[in-house]
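This report refers to the structure that appears directly beneath it.
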There are 2 protein chains.
Amino acid sequence: MSWRKEQRRAERGYHHGNLKEALLQAALGLIAEKGAAGFTFADAARMAGVSAAAPYRHFRDRDELLSSIAQRGFEQFEARLSAAWDDGRPDTVTAFERVGKAYLAFAREEPAFYNAMFESGVPVDANAALQAASERAFNIIRAAAERLAALTPPGTPRPPAMMMALHIWSMAHGVASLFSRGDAARRKLPMSPDELLEAEVLIYLRGLGFPIDRRPATKGAEPPPVPPEASSGSGVPPGGPWGKPK
Amino acid sequence: MSWRKEQRRAERGYHHGNLKEALLQAALGLIAEKGAAGFTFADAARMAGVSAAAPYRHFRDRDELLSSIAQRGFEQFEARLSAAWDDGRPDTVTAFERVGKAYLAFAREEPAFYNAMFESGVPVDANAALQAASERAFNIIRAAAERLAALTPPGTPRPPAMMMALHIWSMAHGVASLFSRGDAARRKLPMSPDELLEAEVLIYLRGLGFPIDRRPATKGAEPPPVPPEASSGSGVPPGGPWGKPK
DNA sequence: AGCTCATGTGAACGACCTTTACATGAGCCG
DNA sequence: CGGCTCATGTAAAGGTCGTTCACATGAGCT
């Protein structure tokens, strides 16, 4: 019964050496399995092979551990969005689409982070560092929207970039949280969450005046609103983002 | 110390008489205050003036109480969406906009229900009645989308109504869950959640080919895509849903 | 009047969160 | 090398919860 503990102790010594990190990793795994609500401080301690009181040397309480994870999540989130955006290469619309997909991919592949960030009830303004990380992540979307807004075709009113960013964020979060994760994914859909979001964003962009489906034959620098990637990279079938109208 | 309990008992007798309902109401209040995660079965019992074991005569466990609330929430949700839709009167687009607003209004005014329905981790397919209620609510959006899809202007491909419904749902849920409730509402925005969602939906609809901002002078039955409500009821300023492009 | 069964009680178990007093040992200073 | 100090870990204990079980109560039927 207790030889395991003894053995662990032997392997590790009285001091763990890297408990904080071990706890974060353990918590991440537990949240991925059972959600932020089901995760327990005691379990994380057990998993790290220490007593239930040890975590309190590294985190004020359970909530602080949770918000640490959320913060780390926002940092990784920012990194992924940033890589997807790639400063708008090869062209703004393609890169923008990639950001949307990266958003969903993150929600799907890092359920624990996503959960801690958006569904754990951790108030974003609890921690200044957390809030800053959250803002940095959002700023990627904002910057992308800024660049996109600058490309609105002549004759069309230019939408506020901030509004565009919030719209895109709400679409991505809505799809992720309703259809792309956990039991929510069980709702049966006529298309995958990725396709759903892609179509949604494309229709939205078209509503802003971007000639998404009919690529203009014009060419040159950026000013021609949508360079000829519309058919190749972003997978828009001719006739509209949702395929043939039957 | 115990005279309060005695008094309660005296007021009420050994049997509560309506405990199930009292528990649901108590839980609703507690969830509104502290979120579904923070709500405790014991608290609900205390609030109803009964022992901690009493609730088990009416609910198998805490989760069943939660999913009962979610179910009731979906029923009220359906009622409100349905009233807002009003079978497409006075015209489809106006009614559609009203449904979007009703969605947000519900999320804002009934945070406890919304929380139980979408953020409590209750699996929708746990309970057949719950699932049915959830589907009935979604079907309002679906039906509205169906009617709207039928109005796509000639020459524009007709989008699948199901897809439209899912898009609208994800927008509404995204805005509600990110900006319209609890601490999430603290994120400072350039516009209210209602305005944000309204603009989002209008841009989206325009992307589908609906001439949202330039109302056609045509009139008659439904076939003229957007009857002259666009400027009156739905509050779209000329020049686009987001106001002047500065 | 008496029976029955739905409904409520109290006590108890195990798990969790958190605090407190105490133990250990790694790193530094002389 | 010897000893001090302080960050880090432990055990124990108090409080809350969820849940179960044996038992109490009394409303409604016969």
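Just so it is clear, the model here is predicted, and its values are computed rather than measured.
- A sub-4.0 Å separation between OP1 or OP2 of C:dG8 and a side-chain N or O of B:H58 is present.
- Screening residues 60-70 of chain B for salt bridge (charged side-chain N to carboxylate O under 4.0 Å, His left out) gives B:R60-B:E64 as the qualifying pairs, with residues at least two apart or on separate chains.
- Sorted by first and then second residue, the ring-ring contact (aromatic ring centres under 6.0 Å, His included) pairs involving residues 16-53 of chain A (not counting sequence neighbours) are A:F41-A:Y56.
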Which atom pairs link the protein and nucleotides 14-17 of chain D when you take only N or O atoms and keep those under 3.5 Å?
{"residue": "D:dC17", "atom": "OP1", "partner": "B:R46", "partner atom": "NH2", "Å": "3.3"}
{"residue": "D:dC17", "atom": "OP2", "partner": "B:R46", "partner atom": "NH2", "Å": "3.1"}

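- Between the CZ atom of A:R60 and the C1' atom of C:dT19 there is a distance of 15 Å, given to the nearest Å.
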Worksheet item: Is there a side chain to side chain contact (heavy atoms under 4.5 Å, CB included) between A:F118 and A:S177 once you walk through the steps?
Response: CA-CA 9 Å; A:F118 294 114; A:S177 127; over 6 Å; no
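- Following rounding to the nearest Å, A:N18 (CG) and C:dA26 (P) show an atom-to-atom distance of 15 Å.
- The CG atom of A:D63 sits 14 Å away from the C1' atom of C:dC16 (whole-angstrom rounding).
- Ring to ring, B:F77 and B:Y103 are close: their centroids are under 6.0 angstrom apart.
- Here C:dT7 presents its C1' atom at 17 Å from CD of B:E21, a figure rounded to the nearest Å.
- Within the nucleic acid shown, B:G38 has no heavy atom closer than 4.0 Å to any nucleic acid atom.
- Straight-line distance from the CG atom of B:L19 to the C1' atom of C:dT9: 13 Å, rounded to whole Å.
- One atom, NE2 of B:H16, and another, C1' of D:dA27, lie 16 Å apart when rounded to the nearest Å.
- One can place CZ of B:R57 at 15 Å from P of D:dT19, the figure rounded to the nearest angstrom.
- As a whole-Å value, the separation of A:L23 CG from D:dT8 P is 12 Å.
- With a 4.5 Å cut-off on side-chain heavy atoms, A:F74 and A:R136 do not count as touching.
- When atom types are taken as modelled, the side chain of A:S120 and the backbone of A:A116 share a donor-acceptor pair closer than 3.5 angstrom.
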